[in-house]
Novice: 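Sending over a structure as structure tokens; questions will come in a sec.
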Amino acid sequence: MTTSSKPLTEAALLKMPASAYMNAAQLTFFRTRLETLRDEMLSNAADTGEHLKENENFADPNDRATVEEEHMLEQRVRDRERKLLKKINSALARIDSGEYGWCLETGDPIGLPRLLARPTAEYSIEAQERHEKKERLHA
């Protein structure tokens with residue numbers, strides 16, 4: 001196996017020079033990470049759908065209440081995942097358009113450590129903090 005055919009690791013990604021920012025290998029790394037995350041979420045959503053379809057009848061009202069609470073919690077988690085799925089698809093579209101890894105507000109690099117922590121990030125840390133501060137002021 002040649003070096004170029006090995007998947008890029010996080011450590012190797014972080015060791016790359018700044019001049020290599022968002023090169024083909026890095027974009028492939030993040031595309032794979034985003035697609036894997038998307039596939040896991042879609043699989044979880046299918047499992048949840050099947051689980052919620054099961055009609056369980058409990059004579060004990062406490063058991064029924066517990067199951068209903070678990071279903072509500074599952075639905076909240078899936079709702080959050082649906083929102084994340086939109087962000088993942090948006091990030092994949094930015095990879096396709098060549099905008100991935102660059103702050104939508106400033107055009108500056110978002111940075112590899114931030115993208116590793118949050119591959120759907122659209123803003124640099126500074127720009128994100130400004131957005132959050134504005135939201136708090138308007139809330």
Novice: State plainly whether the residues Arg130 and Glu105 are in salt-bridge range, i.e. N to O under 4.0 Å.
Specialist: yes
Novice: Quick one: does Glu68's side chain get under 4.5 Å of Met72's, heavy atoms only?
Specialist: no
Novice: Quick one: closest heavy-atom pair of Pro109 and Ser124, and the distance?
Specialist: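 So the two residues come closest at O-CB, 4.3 Å.
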Novice: Looking only at non-hydrogen atoms, find the nearest pair between Ala127 and Cys103 and report the distance.
Specialist: CB-SG, 3.7 Å
Novice: Is there a donor-acceptor pair closer than 3.5 Å between any side-chain N or O of Ser43 and the backbone N or O of Asp39?
Specialist: no
Novice: Can you check salt bridge (Lys or Arg N to Asp or Glu O under 4.0 Å) on Lys87 and Glu122, steps first, answer last?
Specialist: CA-CA 9 Å; Lys87 291 180 180 184; Glu122 297 178 330; over 6 Å; no
Novice: Which atom names give the shortest non-hydrogen contact between Arg33 and Pro119, and what distance separates them?
Specialist: CD-CG, 4.2 Å
Novice: Taking the side chain as every heavy atom from C-beta outward, state whether Arg38 and Met41 have any pair of such atoms under 4.5 Å apart.
Specialist: no
Novice: Measuring from atom CD of Glu132 to atom CD1 of Ile125, what distance do you get when rounded to the nearest 0.5 angstrom?
Specialist: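 The CD atom of Glu132 sits 10.5 Å away from the CD1 atom of Ile125.
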Novice: Nearest 0.5 Å, please: how far is NZ in Lys133 from CD in Glu135?
Specialist: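 Between Glu135 CD and Lys133 NZ, I get 13.0 Å after rounding to 0.5 Å.
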Novice: Do side-chain atoms of Arg114 reach the backbone of Tyr123 as a donor and acceptor pair under 3.5 angstrom?
Specialist: yes
Novice: Please tell me if the side chains of Leu115 and Gln26 come closer than 4.5 Å, counting only heavy atoms from C-beta onward.
Specialist: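 No - every pair of side-chain heavy atoms lies 4.5 Å or more apart.
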Novice: Could you measure the distance from the CZ atom of Arg118 to the CD1 atom of Ile110? Nearest 0.5 Å is fine.
Specialist: 11.5 Å
Novice: Between Glu129 and Lys134, does at least one N-O distance fall below 4.0 Å, as a salt bridge requires?
Specialist: no
Novice: Are Glu81 and Arg76 close enough, and set up right, to give a salt bridge (Lys or Arg N to Asp or Glu O under 4.0 Å), and what steps lead you there?
Specialist: CA-CA 9 Å; Glu81 287 182 346; Arg76 278 193 300 236; over 6 Å; no
Novice: Provide the full list of ring-ring contact (aromatic ring centres under 6.0 Å, His included) pairs with a residue in residues 96-122, sequence neighbours left out, each pair given once.
Specialist: Tyr21-Trp102, Phe30-Tyr100
Novice: Taking the side chain as every heavy atom from C-beta outward, state whether Lys86 and Thr120 have any atom pair closer than 4.5 Å.
Specialist: no
Novice: Quick one: does Pro113's side chain get under 4.5 Å of Leu14's, heavy atoms only?
Specialist: yes
Novice: Is the closest side-chain heavy-atom distance between Asn23 and Met16 below 4.5 Å?
Specialist: yes
Novice: Report yes if the side chains of Leu85 and Leu42 come closer than 4.5 Å at any heavy-atom pair, otherwise no.
Specialist: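 Heavy-atom side-chain distance check passes, below 4.5 Å.
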Novice: Just wondering, do Ile95 and Leu34 contact through their side chains at under 4.5 Å, heavy atoms?
Specialist: yes
Novice: Are Leu116 and Leu84 joined in one hydrophobic group, where the rule is that I, L, V, M, F, W and Y side chains link up if heavy atoms are under 4.5 Å apart?
Specialist: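 Same hydrophobic cluster.
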Novice: Looking at OG1 of Thr9 and CZ of Phe29, how far apart are the two atoms once the value is rounded to the nearest 0.5 Å?
Specialist: 7.5 Å
Novice: So, taking the atom named CG in Leu104 and the one named OG in Ser90, what distance separates them when rounded to the nearest 0.5 Å?
Specialist: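 It comes to 7.5 Å.
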Novice: Please lay out, stage by stage, how Ile88 and Leu37 fare under the test side chain to side chain contact (heavy atoms under 4.5 Å, CB included).
Specialist: CA-CA 8 Å; Ile88 290 170; Leu37 184 58; 3.6 Å; yes
Novice: May I ask you to say whether Arg82 pairs ionically with Asp79, meaning some side-chain N is under 4.0 Å from a carboxylate O?
Specialist: yes
